[in-house]
Number of protein chains: 2
Amino acid sequence: MAAGSQVQRASGVALWRQIADRIRASIANGEYDETGRVPPEIVLATQFGVNRHTVRSALAALAQEGIVRAVQGLGTIIERKERLNFPISRRTRFIEGLGAQARETEGLLLESGAEPASEDLAQRLRLAEGAPLIRLETLRKADGRPVSRATAWFPASRFAGIDEAYRNSGSITAALNALGLSDYLRVTTEITASHAERADMEDLGLSAGAVLLVTRSLNADTKGTPIQYSVSRFPADRVQFTIEN
Amino acid sequence: MAAGSQVQRASGVALWRQIADRIRASIANGEYDETGRVPPEIVLATQFGVNRHTVRSALAALAQEGIVRAVQGLGTIIERKERLNFPISRRTRFIEGLGAQARETEGLLLESGAEPASEDLAQRLRLAEGAPLIRLETLRKADGRPVSRATAWFPASRFAGIDEAYRNSGSITAALNALGLSDYLRVTTEITASHAERADMEDLGLSAGAVLLVTRSLNADTKGTPIQYSVSRFPADRVQFTIEN
DNA sequence: AGAAATTTGTGCGTATGTATG
DNA sequence: TCATACATACGCACAAATTTC
């Protein structure tokens, strides 16, 4: 591998951040599993074609995120290397999808409110423009670590009180159940990716430049009537999706 | 909205790049469709809480990418705002998936070669470790614009000559056909996202810090025997995936 | 126990990139 | 265009902690 072939100077993204992103990805891919440690700073510096100080800045950022821990004289130890897998299917459920990957999950209601349907939302939910909606802003965690920030809209006429039901149960499925809807299905899922915005960064505990996987999904009841449209943001270094056919 | 609430200083990502990323995303989301223009520089500067120079750097980067064009006295005009949609299903095909979204598509063979199966690849393709594989490095374009860089592996014993077949047809489906395989199905798709590495940036015509959607997919023949494993990288600002249930 | 090798931690001077006004 | 302030990156040197022999 040519030295310095992996990072770009004067690109608006600091070298230390590019390198931090690549080391984080390598950890998630299990490339350092044999030793449980990141290669020595001087080795990384040579690989990336940069000064050791620059590698140290990258490792400091990862230490800040709790991913590695540097020990003088020993090396830089990998503390965490999880990547959660979310199966996407007709019956996508957040908690069940995680299965045995997390011991404990929780859903927090950050905010809720009423708002009229925009043109876009009205069309997706098959409502009239301006129809009353309830919006939930939620943060979902697995084993205490944030794994998604979601914004969900429900028709207010049918799902009054869903905010309270969610706050009590920490689960959309349970909240809908409490309101008398026993089953629902995923109609469509759109997947995109982008950089995290500041609010999401803070809620998800990310640093600037972090990459998000974004899903926009529509759920409907068993008769096909739309019941929920939601936009969920997942940290790309902690999460992947699978589609099984 | 609080001024400056959207961008972060001293984060390893230059303000001009953060702002360029956000404007690019806004264009892709259709937020400026009414005027067909980006808001005036001074307005953007106020919105983001930065100096006008900084906004100008961001717009210059977008102009370099061919997304906007600044006209003195008029404003900054949006040149391109497409986001191609790829449906993912059991019968995922690159060209057919694009449907009417592109007038013309092509597939270029950048490189091909033989290599023994790694432990990971052997397991996925249900072969012995070290079994001979053919690797294709391809670049796919729609209407002349690169939309994906893919690396695909095939069992060499069954698909000798697939490199030539792909070079001639520019299509995996056509190449497999030429080798006597009339149909195949998608078994699994894993979706992740990350920052672009340098080689992909160059092939896809991206600037540093660009976000990629990455799919890892396994295809099998109609009897369920794995025939192909591939890793495809898509520029996240030009592409989205949909899963229809 | 002790010396050598390895690895992280720290300081300082300099050059360039980023952002403001 | 220019001047200013701060962030980023480099090069060199040496200190401190840990492992190896």
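Scope of the values below: all heavy atoms of this structure, side chains included, with no hydrogens, waters or symmetry mates.
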Handout entry: Under 4.0 angstrom between B:Asn51 side-chain N/O and C:dA19 OP1 or OP2
Key = no
Handout entry: Sub-4.5 Å side-chain heavy-atom contact between A:Arg83 and B:Thr192
Key = yes
Exercise for the section: Kindly write out the residues that satisfy salt bridge (Lys or Arg N to Asp or Glu O under 4.0 Å) with A:Arg145, not counting sequence neighbours, or none if the list is empty. Expected result: A:Glu82
Exercise for the section: Assign a letter to each nucleotide of nucleotides 3-14 of chain C from its 5' end: B, base within under 4.0 Å of a protein heavy atom; S, sugar-phosphate only; -, no contact. Expected result: ----BBBBBB--
Practice task
Please check if any side-chain donor atom of B:Ser148 sits under 3.5 Å from a side-chain acceptor atom of B:Ser232, or the reverse.
Solution key: no
Exercise for the section: Indicate whether any N or O donor in one side chain lies under 3.5 Å from an N or O acceptor in the other, for A:Glu137 and A:Thr151. Expected result: yes
To the nearest angstrom, how far is [X] atom [atom1] from [N] atom [atom2]?
X	N	atom1	atom2	value
B:Gln18	C:dG17	CD	P	19 Å
B:Phe48	C:dA19	CZ	C1'	16 Å
A:Leu15	D:dT8	CG	P	11 Å

Handout entry: Spacing of A:Ile67 atom CD1 and A:Arg24 atom CZ [to the nearest 0.5 Å]
Key = 5.0 Å
Practice task
Output yes when a side-chain donor or acceptor of B:Arg22 lies under 3.5 Å from a complementary backbone atom of A:Glu197, and no otherwise.
Solution key: no
